[in-house]
Each structure stands twice: as C-alpha cells, then as structure tokens.
There are 2 protein chains.
Amino acid sequence: MTISEENYIKVIYHLSLVSPKGVNTNAIAGMLDTKASSVTDMMKKLSDKDLVSYQKYQGVTLTEKGFHSAKMIVRKHRLWEVFLVDKLGFSWDEVHEIAEELEHIKSEQLINKLDAFLGFPVADPHGDPIPDAKGVIKKIEKQLLSEVEINAAFHCVGVKDSSTDFLKYLDKQKIALGSVVKVIDKEDFDDTLTVEIDGKRLTISNKIANNLYVQ
Amino acid sequence: MTISEENYIKVIYHLSLVSPKGVNTNAIAGMLDTKASSVTDMMKKLSDKDLVSYQKYQGVTLTEKGFHSAKMIVRKHRLWEVFLVDKLGFSWDEVHEIAEELEHIKSEQLINKLDAFLGFPVADPHGDPIPDAKGVIKKIEKQLLSEVEINAAFHCVGVKDSSTDFLKYLDKQKIALGSVVKVIDKEDFDDTLTVEIDGKRLTISNKIANNLYVQ
DNA sequence: TTTTATTTTTAGTTTTGTCTAAATTTAATT
DNA sequence: AATTAAATTTAGACAAAACTAAAAATAAAA
Ligand SMILES: [Mn+2]
Ligand SMILES: [Mn+2]
Ligand SMILES: [Mn+2]
Ligand SMILES: [Mn+2]
C-alpha cells in the first residue's frame with residue numbers, strides 16, 4: 001500500500017465507526033482535505049485491491065482485509081504517539097502530526113518491538129485504545145462527562161476532540177488523563193457544569209463536557 | 001523536499017566523499033537502482049532548487065544548501081539506527097532498511113529530542129559518525145585493519161562495508177565494535193592475516209581486513 | 001410527482017518521478 | 001586524427017495522485 005492508500009483506508013475506518021452502513025464520498029474528501037472526484041478515483045483502486053467494497057453512489061465499506069489494514073495503521077499511529085510522549089517528552093497536543101508520518105513506516109517487526117519497548121500500552125496519550133499485534137482492540141469503558149450523574153466521582157480517561165485548541169485548554173485548566181472529576185452541579189439552561197477536578201472547583205461549558213471521557 | 005529528492009541528495013553526498021570533483025550520473029543511478037535518464041531529470045530539478053550545481057556532462061556537486069540538507073538526512077538515518085539497536089534490540093544488520101524510511105520523517109524537533117533521548121551518540125551502530133544539530137561531524141580517527149602494523153593492539157571502531165553478509169560474518173566470528181584486535185602475522189602472498197581478537201586466534205582474508213576499521 | 005438541490009461520477013488535465021529509445025557529447029582506441 | 005565505445009542527455013510515453021468542469025444519479029422540496 002502507498003502512503004496515500006493508507007491514509008484513505010484509515011479515514012474510512014474512522015468514519016465507518018460512525019456510519020457503519022457505508023461511508024460517503026464527501027465525508028472522506030472532507031477528512032483528507034481533497035476533492036470528491038479524487039476520492040472516487042481512489043475508491044476504484046482500493047476496490048480493485050479488495051480493501052473496500054464499493055458500488056457507485058452507495059458509499060463504501062471496508063472489507064475484512066481493509067479493516068485489518070486499517071487497524072494496523074491505527075496501531076502504529078497510537079504506539080508512536082505513546083513513544084513521543086512517554087519517551088521523548090512531547091506534549092499530547094504535539095504528537096498527532098508526527099505520528100501521521102510515522103504510521104506509514106513499513107516494518108512489522110519494528111512496530112512489535114516498539115510495542116514491547118513501551119510496555120504494551122493499551123491506550124495512546126489521548127485515551128484511544130491501541131489494537132494489539134493481531135488487531136484486537138480492548139474496549140475501554142467510558143462515558144462523556146456531559147452524560148454522567150451528579151455527585152459521583154470519575155476519572156478522566158480520554159478526549160473525543162483531540163485538537164490542539166482543546167488539549168491546550170485542558171492543560172491550562174490542569175485537567176489530564178487520570179484526573180479525578182466530580183460533577184457538583186448542572187445548570188438547566190445551558191448544561192454548564194460546576195465540577196471539582198483534583199479537588200479544585202471549576203465551571204465548564206457543555207462543549208467541554210461533551211469532549212471529555214470519564215470512567 | 002520530497003522523499004525521492006532526499007534520497008538523491010544523500011547518495012550524492014556519499015559519492016562526493018569519494019569523488020569530490022563531481023559525481024557521475026551513472027554512479028548515482030547505480031546507487032539508487034534507477035536509470036541514468038531519471039538521474040539527469042532529477043539533477044535539473046535539484047539544480048533549480050539550488051541544492052546541487054550541475055552542468056551537462058560535467059557531473060554534479062552539492063551546494064552549501066544541499067550539503068547541509070544531506071548531513072541532516074544522514075544525521076536522522078544514523079540516530080534512528082542507534083535507536084533501533086540500543087532501544088529496540090535490533091541487530092546491526094537489520095537496521096539499515098528501516099532507517100532508510102525513518103530518515104524521511106520531517107520534524108526537526110523530533111530528531112533533536114531523539115538525539116537527547118539516546119544521550120547524544122557520536123557514532124551509529126556501524127561506527128559511522130553522527131552529525132550534530134548544526135551539521136558538524138566529529139571526525140573519528142580510524143584505520144583499516146589491513147593497513148595496520150603488526151603486533152600492536154587496536155580496537156574495532158567501525159565497518160566500511162555494512163552489508164548484511166559482512167555484518168553476519170563478523171557476528172559469527174564474535175567480532176563487534178569495541179573488540180580488541182592484534183595482528184599477529186601477515187601472509188606475504190595474499191595478505192591473509194592471523195589476528196587475535198578478544199584473546200582468540202583467527203585467520204582472516206584481506207577482503208575482511210579491508211572492511212574493518214580499528215583505532 | 002415534478003422540479004430543484006445535493007452528491008457523486010466521468011472526462012480531460014497536470015505534476016512528479018519513472019521508463020525506453022534515440023541523439024549527442026565525451027573518452028578511449030586504433 | 002579518425003574511429004569506436006562509453007557516458008550522458010533529450011524526446012516522448014506512462015502510472016500515480018491530484019485537480020477542474022461537466023454530466024449523471026440520488027435526495028429533498030415544492
Ligand atoms: Mn498519515
Ligand atoms: Mn491519538
Ligand atoms: Mn531513504
Ligand atoms: Mn549505519
């Protein structure tokens with residue numbers, strides 16, 4: 001697979017978690033910042049390689065083969081992110097772009113040795129699960145902070161939005177994976193939350209609570 | 001720079017250490033396993049970008065800019081090789097191919113953090129020097145074992161040929177960087193050497209001695 | 001159920017990096 | 001110095017991956 005083909009397969013994988021019946025051409029184009037016509041061309045190529053099943057106008061789904069390839073790319077992406085944060089000292093908002101390149105390095109032996117070197121982590125720095133060498137993903141139990149009952153204690157286990165802006169906001173508020181959160185109060189009008197994070201009171205918007213996973 | 005351009009620049013760098021007056025089109029084609037006509041095309045492109053100076057039929061040399069780029073690619077290649085051997089436990093004959101891909105990862109911050117993580121190594125697993133962040137190469141004093149006086153003690157510091165075959169041969173003979181070598185006798189007829197390596201007697205051909213650096 | 005809007009595909013180009021075959025230049029031999 | 005050989009460059013073609021503009025199919029609205 002070329003780097004371009006891998007990027008398409010990975011995007012289809014992510015989109016198909018939300019639309020399992022078939023991923024739209026425009027959705028793929030949007031994610032890859034390319035044009036719909038380019039996507040159509042690539043779908044034909046991936047279909048010829050038996051990585052996706054594709055019928056004109058009907059959207060696209062991954063084949064078994066494509067699904068497995070996708071998980072291997074995601075595995076590489078997330079393991080490299082762990083490496084960058086845990087070993088090289090990058091912060092969690094800096095690693096995505098670099099992992100976007102590293103995920104395309106070919107050697108399977110490399111990624112398995114990296115996995116061992118990192119101690120077989122189950123999640124990346126953003127709390128997303130890391131497929132094992134066979135492609136098995138250990139599901140992480142989690143809820144959005146916005147959907148959690150009041151006055152129970154949770155801890156942060158992941159982010160839904162991993163944009164730099166959101167991650168920097170969390171850094172500023174000293175919210176990290178592992179932080180203990182308790183919802184003290186919820187404003188009826190706009191769902192603004194009053195929370196206690198690691199013992200400190202904080203007011204956060206619904207948009208924030210909607211992008212933070214807790215357990 | 002594209003990956004292809006980087007591969008050309010690196011090859012020109014290596015060849016120009018041997019032919020500083022100008023690197024031949026065919027030599028480049030041979031190293032990259034491509035055709036002379038492709039090389040000519042690329043030389044025009046690199047010349048337009050001011051990475052090489054090129055005049056038809058006269059061979060090619062790196063500009064200051066090209067020279068610096070080349071050293072940064074070599075730096076990345078060799079640092080990744082150190083990582084693969086020291087941290088992931090690859091053997092020295094397995095790393096070249098993987099480093100060939102890793103050397104093209106873009107981030108400068110990544111490579112400087114990797115350098116620090118590895119403890120600022122001065123040489124790669126094959127004894128080749130690693131340019132620092134500014135491109136400065138600390139020259140490693142070394143001689144070929146074939147050119148060394150009899151009965152003096154040296155230690156191995158590098159290999160000239162780093163092909164799998166040669167490295168595997170050295171592994172088999174338990175010769176590694178750091179091993180102590182003394183030439184006991186040299187056969188006049190074919191320059192075969194009798195050596196003592198880490199205390200053990202061994203007979204080695206001139207071809208071997210010609211590819212092993214000692215200090 | 002027409003009509004309109006949106007989505008998707010097709011057709012035709014472009015750029016990058018490669019190739020083959022032919023032409024040209026330089027180097028080596030008679 | 002003329003001829004032959006080798007190295008290099010040009011010309012023209014191709015595949016991959018993108019694009020624009022136009023056509024076709026599907027979905028939404030009237
Ligand atoms: Mn990528
Ligand atoms: Mn991540
Ligand atoms: Mn390379
Ligand atoms: Mn090396």
Side-chain angles (χ1 to χ4, degrees), chain A residues 1-13 15-16 18-62 66 69-70 73 100-101 103-104 106, chain B residues 1-16 18-62 66 69-70 73 100-101 103-106:
Chain A
M1 267 205 269
T2 65
I3 291 177
S4 192
E5 286 171 344
E6 289 190 345
N7 284 332
Y8 274 94
I9 288 292
K10 195 183 63 168
V11 160
I12 295 167
Y13 170 79
L15 290 171
S16 65
V18 186
S19 353
K21 331 221 118 179
V23 176
N24 294 333
T25 302
N26 271 347
I28 298 169
M31 292 276 277
L32 285 169
D33 203 32
T34 184
K35 297 295 154 72
S37 56
S38 307
V39 175
T40 302
D41 285 348
M42 185 58 94
M43 290 313 104
K44 288 174 187 164
K45 202 184 310 177
L46 295 178
S47 183
D48 288 346
K49 292 193 175 188
D50 195 34
L51 290 161
V52 303
S53 52
Y54 166 70
Q55 286 148 267
K56 279 193 197 182
Y57 299 101
Q58 299 313 126
V60 72
T61 55
L62 292 171
S69 303
I73 301 163
E100 203 59 43
E101 291 185 57
E103 72 189 358
H104 303 292
K106 290 283 171 310
Chain B
M1 268 207 269
T2 65
I3 290 176
S4 193
E5 286 171 344
E6 289 190 346
N7 283 334
Y8 274 96
I9 288 291
K10 195 183 64 167
V11 159
I12 295 166
Y13 169 80
H14 286 309
L15 290 171
S16 65
V18 185
S19 352
K21 328 221 121 179
V23 176
N24 294 334
T25 302
N26 272 347
I28 298 169
M31 292 277 277
L32 285 170
D33 203 30
T34 186
K35 295 297 151 74
S37 57
S38 306
V39 175
T40 302
D41 284 349
M42 184 57 93
M43 291 313 104
K44 288 173 188 165
K45 202 182 308 174
L46 295 178
S47 183
D48 288 346
K49 293 193 175 186
D50 194 34
L51 290 162
V52 303
S53 53
Y54 166 70
Q55 288 149 268
K56 279 193 198 181
Y57 298 101
Q58 299 314 123
V60 70
T61 55
L62 292 172
S69 302
I73 301 164
E100 203 59 41
E101 291 186 58
E103 71 188 358
H104 303 293
I105 304 293
K106 290 286 170 307

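Lettering of chains follows the sequences in order, A, B, ..., and the numbering in each one begins at 1.
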B:Tyr8 vs B:Leu32, side-chain contact (heavy atoms from CB on, under 4.5 Å): CA-CA, chis, key distance, verdict: CA-CA 8 Å; B:Tyr8 274 96; B:Leu32 285 170; 3.4 Å; yes

Check: B:Tyr13 main-chain N/O paired with B:Ser16 side-chain donor or acceptor under 3.5 Å: yes

Heavy-atom donor-acceptor pair, A:Glu101 side chain to B:Lys106 backbone, under 3.5 Å: yes

Taking the side chain as everything from C-beta on, heavy atoms only, tell me whether [X] gets closer than 4.5 Å to [Y].
{"X": "B:Val60", "Y": "B:Ile28", "result": "yes"}
{"X": "B:Glu5", "Y": "B:Leu51", "result": "no"}
{"X": "A:Ile9", "Y": "A:Glu6", "result": "no"}
{"X": "A:Lys10", "Y": "A:Glu100", "result": "yes"}

Pair A:Asn7-A:His104, side-chain contact (heavy atoms from CB on, under 4.5 Å): steps then yes or no: CA-CA 9 Å; A:Asn7 284 332; A:His104 303 292; 3.0 Å; yes

Spacing of A:Ile9 atom CD1 relative to D:dA17 atom P, expressed in whole Å: 12 Å

Enumerate all atom pairs, one protein N or O and one N or O from nucleotides 27-29 of chain D, separated by less than 3.5 Å.
none

Closest non-hydrogen atom pair between A:Thr25 and A:Ala36, with its separation: CG2-O, 3.6 Å

Letter per nucleotide, 5' to 3', of nucleotides 12-18 of chain C [B base touched, S only sugar-phosphate touched, - untouched; heavy atoms, 4.0 Å]: ----SSB

Chi angles and distances behind the side-chain contact (heavy atoms from CB on, under 4.5 Å) call for A:Thr40, A:Tyr54: CA-CA 10 Å; A:Thr40 302; A:Tyr54 166 70; 3.6 Å; yes

Nucleic acid contacts - residues 20-32 of chain B versus DNA chain D, non-hydrogen atoms under 4.0 Å: B:Asn24, B:Thr25, B:Asn26

Residue-phosphate contact under 4.0 Å: B:Lys56 side-chain N/O, C:dT24 OP1/OP2: no

